[in-house]
Amino acid sequence: MPELPEVETIRNELSPWLIGECFTDVCILDARIVATGPPDEFRQKLIGQKIEGISRRGKYLLFKLSNATSLIVHLRMTGSLLLDPIDAQRYVRASFDLTGGHHLVFRDSRRFGRIWLVDDVDSVVSKLGPEPLGDDFRPGVLGQRISRRSIAVKSALLDQGVVAGIGNMYADEALFAARIHPLTRASDLSEDELETLCHSIRTVLLEAIECRGASVDTYLRPEGAAGTAQCSFKVARRGGEPCAVCGSKIERVRIQNRGTYYCPGCQPIEPGSSRPRA
DNA sequence: CTTGGGACCTGGCTGC
DNA sequence: TGCAGCCAGGTCCCAA
């Protein structure tokens, strides 16, 4: 499922092809994906607009348009954006023709993805927390946002208002890298742990971007190739396998109704135990 | 205010 | 083999 590294990869790989091109036609096949008004209006407003730039905020992909509006795309669970696909695609919810002969296809089997056309990007993304790869994402900032939260640290990382762009897979990977048990109360993290976690989040996300994202489920890069970040996962989706670091069997629990994977050897704290851990 | 749980959605998997 | 039923999870919404 597309999280920050996947969306960043899509941004990186679409940009050289689409920046400077104009929308010449728009086809909405499922009206539900348009979050801003009727599809016809969406289509009329978008046609003729030039893409001035493509950026990302959390898991949102932002197309800056020539009339100062923005096209925003969120892929949610199963969405993907394909550039000039050769084969006919299933589950196409919208398609876009552009100058230069390009054809951009929004595909989404589960219909959770959404697109917006807005004057002000903030009207969609204003509640997001800091960008984890930005300069302002510091241990103190993370601490400020979770120090009064009694929820599990895993839940806190999934809260897009705490930090933007982390989803189920990279939350598990970051907590493993930081050697923090996912059920640890967010408010119980020490300053050292906050610093380690902050660093681990950045490292895990940067390494995944290097791998062009993780192709689990339906994620593919715009030109149809897979990412390889899933090959480097230490715990995510590896329940029952031995930990590559200590050999313990990777366990799976449910937190906030999400499958959560961790290594009981490397992330040893038991929920409710007194701190500090041994 | 915080927290937890359900709704949304459908392909793929499990089990009878 | 066929089919019912459950599961995955990002975000929003609502209730406690």
Side-chain angles (χ1 to χ4, degrees), chain A residues 1-10 28-36 56-62 72-81 89-94 106-116 118 121-129 131-132 143-175 182-189 201 205 208 213-220 229-230 233 235-240 250 252-262 271-272:
Chain A
M1 29 234 72
E3 303 181 25
L4 187 152
E6 289 73 35
V7 180
E8 182 68 10
T9 298
I10 294 168
I28 304 294
L29 291 96
D30 180 354
R32 280 175 290 182
I33 72 161
V34 180
T36 47
R56 180 192 56 72
R57 182 77 174 91
K59 302 170 196 170
Y60 293 82
L61 195 60
L62 314 172
I72 305 180
V73 177
H74 196 303
L75 299 169
R76 293 276 176 90
M77 308 277 308
T78 52
S80 51
L81 282 174
Q89 298 291 319
R90 298 181 71 187
Y91 318 120
V92 174
R93 309 304 178 197
F106 181 100
R107 195 185 61 168
D108 183 17
S109 66
R110 240 167 270 183
R111 299 178 194 264
F112 279 4
R114 290 291 180 270
I115 56 180
W116 295 256
V118 295
V121 167
D122 263 353
S123 65
V124 177
V125 304
S126 64
K127 289 176 183 161
L128 295 179
E131 281 295 318
Q144 191 176 24
R145 289 174 172 270
I146 67 175
S147 62
R148 290 183 195 82
R149 306 289 299 271
S150 62
I151 53 175
V153 60
K154 164 77 185 272
S155 292
L157 294 182
L158 294 177
D159 182 343
Q160 302 299 295
V162 168
V163 53
I166 299 173
N168 201 41
M169 298 182 302
Y170 295 108
D172 286 356
E173 289 300 307
L175 288 168
L183 281 169
T184 309
R185 271 178 184 250
S187 56
D188 281 354
L189 293 181
I201 288 169
L205 295 177
S215 281
V216 300
D217 286 349
T218 60
Y219 167 75
L220 288 176
Q230 72 281 6
F233 282 170
V235 289
R237 295 174 167 253
R238 294 197 184 279
I250 294 165
R252 179 182 186 277
V253 295
R254 291 186 79 83
I255 299 178
Q256 204 179 298
N257 220 23
R258 266 67 182 146
T260 297
Y261 302 90
Y262 70 99

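Just so we're on the same page: letters track the sequence lines, and every chain starts at 1.
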Do any side-chain nitrogens or oxygens of [X] fall under 4.0 Å of OP1 or OP2 in [N]?
X	N	result
A:Gln160	C:dT11	yes
A:Asn168	C:dG9	yes
A:Arg32	B:dC9	yes

May I have the distance from [X] (atom [atom1]) to [N] (atom [atom2]), rounded to whole angstrom?
X	N	atom1	atom2	answer
A:His74	C:dG9	NE2	P	15 Å
A:Gln256	C:dG9	CD	C1'	10 Å
A:Arg254	C:dC6	CZ	C1'	11 Å
A:Arg114	B:dC8	CZ	C1'	8 Å
A:Ile146	B:dT3	CD1	C1'	16 Å
A:Leu128	C:dC12	CG	C1'	13 Å
A:Lys154	C:dG10	NZ	P	8 Å
A:Asp159	B:dG4	CG	C1'	13 Å

Under-3.5 Å donor-acceptor pair between A:Arg110 side chain and B:dG11 base: no
Quick one: the side chain of A:Arg258 and the base of C:dT11, do they pair up donor-acceptor inside 3.5 Å? yes
Do we count A:Phe112 as stacking onto B:dC8 if the rule is ring centres under 5.5 Å and planes under 30°? yes
Base, sugar-phosphate, or nothing for [X], non-hydrogen atoms under 4.0 angstrom?
X	answer
A:Arg90	nothing
A:Thr218	nothing
A:Met1	sugar-phosphate

Checking side-chain polar atoms at under 3.5 Å, does A:Glu6 have a donor or acceptor matched by the opposite partner on A:Tyr170?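 Their side chains do contain a donor-acceptor pair, which is all the 3.5 Å distance test asks for.
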Please list, for nucleotides 13-16 of chain C, all pairs of protein and nucleotide N/O atoms separated by less than 3.5 Å.
none

Given [options], which nucleotide is nearest the side-chain atoms of [X]?
X	options	result
A:Tyr60	C:dC12, B:dC9, C:dG10	C:dC12
A:Ser150	C:dC12, B:dT3, C:dC7	B:dT3
A:Ile151	C:dG10, C:dA8, B:dT3	B:dT3
A:Met77	B:dT3, B:dC9, C:dG9	C:dG9

Go through it in stages, so that I can follow the logic: the residues are A:Asp159 and A:Arg149, the test is salt bridge (charged side-chain N to carboxylate O under 4.0 Å, His left out), and I'd like the CA-CA distance, side-chain angles, deciding distance and then a yes or no. CA-CA 11 Å; A:Asp159 182 343; A:Arg149 306 289 299 271; 3.5 Å; yes
Using the salt bridge (charged side-chain N to carboxylate O under 4.0 Å, His left out) rule, take A:Glu131 and A:Arg57 through it: C-alpha gap first, then chi angles, then the decisive distance, then the call. CA-CA 7 Å; A:Glu131 281 295 318; A:Arg57 182 77 174 91; 2.9 Å; yes
Got a sec, which pairs hit salt bridge (Lys or Arg N to Asp or Glu O under 4.0 Å) with one end in residues 162-173 of chain A, sequence neighbours left out? A:Lys154-A:Asp172
Counting distance only, does the side-chain N/O of [X] pair as donor-acceptor with the main-chain N or O of [Y] below 3.5 Å?
X	Y	result
A:Asp108	A:Leu75	no
A:Arg56	A:Gly58	yes
A:Arg90	A:Ser109	no
A:Gln230	A:Ser215	yes

Find which nucleotide of DNA chain B each of A:Arg148 and A:Asn257 is nearest to by heavy atoms, and output the residue with the more 5' nucleotide. A:Arg148
